[in-house]
Amino acid sequence: MTVADALFRCGFPYVKTLGMRRVTSGAVDVVPGSENIVYVLVRADIPIGGCCVRILNWDDEDLGTIGATGTADGSFEWPTKLLLDNDENLIVSDEALNRITVMSKDGSFISKFGEAGDKEGQLNRPSGMAFDKDDNLLIVDSFNHRIQKFTKNGEYISSWGEYGSNEGQFDHPWGIAIRNDGHIFVSDWKNNRIQHFTEDGSFVGKFGQFSNNQLNLSKPAGIAIDQDGDVYVADRHNNRVVIFDSNGRYVQKLLGDSQLTGMAREYVRTNPVVLRLREMSQLDDQKLLRFPVGVTIDKNNMLWIADYGSHRVQVYKKDAERLLPHELESPRNSPKLIIN
């Protein structure tokens, strides 16, 4: 079953926090790898850190970096999205260099493709990426307001989309995710919405704009879809991650619940100045998300959030059960959940 008929949603508990300022400064994306390795794409707009892929493990130990700031092969100027292929090679989109870079997990440069322009196969600020079922690479060509499809080796296949605010049009799209049935979801950055397309790019629907302003998206960035068809959106300017079901129905939002763990706890514990400042501070805001950019959901229903403004990764775990049709009543017109 590709999309869950119904779910018994029990919660989305916080699991842990990885990284810290000076290590994962400006975290824009995060992808778990094999053997408890975690890859964090960073693009620090401060002198510390620069642009690279930071390698951590589940114990929050710093294992070094891949790449560096620059224009040479294997370097980045404004990286945006990180993917892992079946061999755990790292694929990185770079908005500033208008190219896609492929690196091995040991840090060796493998290949690159892309050139600036608006013709077929050319790129203007590439951002989000996703693999389809045929292992082709769909790339959000943000400033060209379109989606382009390439082979894994960078050969152009097709493209669709144009500038605008009508159905099927884009205004600086950012993220992209592909559901198990091949349907495509795109975060339409300046139109503040998510658009849903078939595998061939035909418009299906849109969501993220509601009559209740509190639920409206504001500059949605990264997007991910789990095995139940739930859609996760990094709602960047609202400082939250918003969860929708497969039909675009709002489910819940995550505001952040980070605790001081791992390398951040060790750093604070050994720094008397920071210890004093923390002892004098109100800590409520310290746990919240600040300008989240990237979201990844893994096979174990773990949600990884690149908490860009706080220079860290927050991890949560979905707690839900699939339901069979006989286990619940038919849908109601005006549902309201009351728990005694």
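The first residue of the sequence shown is numbered 1, and numbering continues consecutively from there.
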Examine distances only and state if a side-chain atom of K287 and a backbone atom of L260 form a donor-acceptor pair shorter than 3.5 Å.
no
Before you tell me yes or no, could you show the steps for Q259 and R265 under side-chain contact (heavy atoms from CB on, under 4.5 Å), namely the whole-Å CA-CA distance, both residues' side-chain angles and the distance that decides it to 0.1 Å?
CA-CA 9 Å; Q259 307 298 313; R265 178 168 181 155; over 6 Å; no
Please check if the side chain of R146 supplies one atom and the backbone of Q169 the other of a donor-acceptor pair under 3.5 Å.
no
Decide side-chain contact (heavy atoms from CB on, under 4.5 Å) for E279 and L277; before the verdict, give the C-alpha distance in whole Å, the side-chain angles of both, and the deciding distance to 0.1 Å.
CA-CA 5 Å; E279 195 275 336; L277 292 174; over 6 Å; no
Under 3.5 Å, is there a donor-acceptor pair linking the side chains of T261 and T17?
no
What one should report as the nearest heavy-atom pair of Q314 and G256 is OE1-CA, 3.7 Å
Taking atom CG of L138 and atom CG of D141, what is their separation to the nearest 0.5 Å?
12.0 Å
When every non-hydrogen atom of V31 is compared with those of L82, the smallest separation belongs to CG2-O, 3.4 Å
Just say parallel, tilted or perpendicular for the rings of F150 and F113, cut-offs at 30° and 60°.
tilted
Are Q282 and D284 side-chain neighbours, meaning at least one heavy-atom pair lies under 4.5 Å?
no
Main-chain N/O of K299 paired with Q227 side-chain donor or acceptor, under 3.5 Å
yes
Within 45 degrees of the ring normal and closer than 6.0 Å to the centroid, is that where the cationic atom of K81 sits relative to W174?
no
Is a donor from one side chain sitting under 3.5 angstrom from an acceptor on the other, for T198 and D200?
yes
Is the F197-F170 ring centre distance short of 6.0 angstrom?
yes
Checking the side chain of D228 only, and the main-chain atoms of D230 only, is there a donor and an acceptor separated by less than 3.5 Å?
no
Atom OH of residue position Y163 - does it have more than 12 heavy atoms of other residues, nucleotides or ligands inside 6.0 Å?
no
Path from F131 to V140 over hydrophobic side-chain contacts below 4.5 Å
no
Determine whether L255 and N239 make a side-chain contact, defined as any pair of heavy atoms from C-beta on separated by less than 4.5 Å.
no
Tightest non-hydrogen contact, residues D60 and G262, listed as OD2-CA, 3.3 Å
Side chains of V92 and M129: closer than 4.5 Å at any heavy-atom pair?
no
Indicate, with yes or no, if V40 and I305 share a hydrophobic cluster defined by side-chain heavy-atom contacts under 4.5 Å among Ile, Leu, Val, Met, Phe, Trp and Tyr.
no
Can a donor-acceptor pair be found between the side chains of Q148 and S158 at a distance below 3.5 Å?
no
Any side-chain heavy atom of L56 sitting closer than 4.5 Å to one from T24?
yes
Okay, side chain of D132, backbone of D134: is any donor-acceptor separation there less than 3.5 Å?
yes
Of all heavy-atom pairs linking V268 and L275, the shortest is O-CG, 3.1 Å
Determine the minimum heavy-atom distance between I178 and I225, stating which atoms define it.
C-CD1, 4.2 Å
Do you see a donor-acceptor pair shorter than 3.5 Å between the side chains of R43 and S25?
no
Regarding Y39 and E88, is there a side-chain donor-to-acceptor distance under 3.5 Å anywhere?
yes
Flag yes if V53 and M103 sit in one hydrophobic cluster, no otherwise; membership is Ile, Leu, Val, Met, Phe, Trp, Tyr, and two members link when side-chain heavy atoms are under 4.5 Å apart.
yes
Sub-3.5 Å donor-acceptor pair from the side chain of D85 to the main-chain atoms of D87, do we have one?
yes
Interatomic distance, CG@D171 vs CZ@R193, rounded to 0.5 Å, equals 9.0 Å
Is it the case that more than 12 heavy atoms not belonging to E266 sit under 6.0 Å from its CD atom?
no
Give the C-alpha distance, both sets of side-chain angles, the deciding distance and a yes or no for side-chain contact (heavy atoms from CB on, under 4.5 Å) between M263 and V23.
CA-CA 9 Å; M263 64 176 68; V23 178; 3.8 Å; yes
Within the structure provided, determine whether I91 and L84 are in side-chain contact (heavy-atom separation under 4.5 Å).
no
For the ring pair W189 and H237, is the centre-to-centre distance below 6.0 Å?
yes
Is the closest side-chain heavy-atom distance between K318 and L7 below 4.5 Å?
yes
Shortest non-hydrogen separation from G67 to C52 and the atoms involved:
O-CB, 3.6 Å
Determine, step by step, whether L63 and N57 satisfy the side-chain contact (heavy atoms from CB on, under 4.5 Å) criterion, reporting the C-alpha distance in whole Å, the side-chain angles of both residues, the deciding distance to 0.1 Å, and the verdict.
CA-CA 7 Å; L63 304 181; N57 62 18; 4.1 Å; yes
Would you call the rings of H196 and H183 parallel, tilted or perpendicular if under 30° counts as parallel and over 60° as perpendicular?
tilted
Mind checking the CD-OG spacing from Q195 to S187? Nearest 0.5 Å is all I need.
10.5 Å
Flag the pair V42 / V28 as yes when at least one side-chain heavy-atom distance between them is below 4.5 Å, and no otherwise.
no
Can a cation-pi geometry be assigned to R236 and Y308, taking NZ or CZ under 6.0 Å from the six-membered ring centre and within 45° of the ring axis?
yes
Would you say F203 ends up clustered with I147 if hydrophobic residues are merged whenever their side chains have heavy atoms under 4.5 Å apart, either directly or through other cluster members?
yes
Quick one: CD1 on I243 to CG on D235, what's the gap to the nearest 0.5 Å?
12.0 Å
Given side chains that start at C-beta, do those of R9 and D245 come closer than 4.5 Å, heavy atoms only?
yes
What is the distance from atom OG of S127 to atom CG of D29, rounded to the nearest 0.5 Å?
11.0 Å
Just to verify, which of L254, I223, L303 counts as forming a side chain to side chain contact (heavy atoms under 4.5 Å, CB included) with Y232?
L303
Tell me whether T296 contacts the main-chain N or O of W304 through its side chain, where contact means a donor paired with an acceptor under 3.5 Å.
no
Interatomic distance, K149 atom NZ to S159 atom OG [nearest 0.5 angstrom]:
11.0 Å
Quick check: does any side chain N or O of H311 sit under 3.5 Å from a backbone N or O of G26, one acting as donor and the other as acceptor?
yes
Evaluate the salt bridge (Lys or Arg N to Asp or Glu O under 4.0 Å) criterion for residues D62 and R54: first the C-alpha distance (whole Å), next the side-chain angles of each, then the deciding distance (0.1 Å), finally the verdict.
CA-CA 8 Å; D62 180 10; R54 177 71 64 172; 3.0 Å; yes
Donor-acceptor pair, E327 side chain versus L324 backbone, under 3.5 Å?
yes
Is the backbone N or O of G11 less than 3.5 Å from a side-chain atom of D319, with the two atoms forming a donor-acceptor pair by type?
no
With sequence neighbours left out, the residues meeting side chain to side chain contact (heavy atoms under 4.5 Å, CB included) with A96 are E77, W78, D94
Salt-bridge criterion met for D307 and R290 (N-O under 4.0 Å):
no
Once side-chain hydrogen bond (donor to acceptor under 3.5 Å, both in side chains) is applied, do any residues pair with N271, and if so which ones, sequence neighbours excluded?
Y267
Linking I/L/V/M/F/W/Y whenever their side-chain heavy atoms sit closer than 4.5 Å, directly or via other members, would L41 and L90 fall into one cluster?
yes
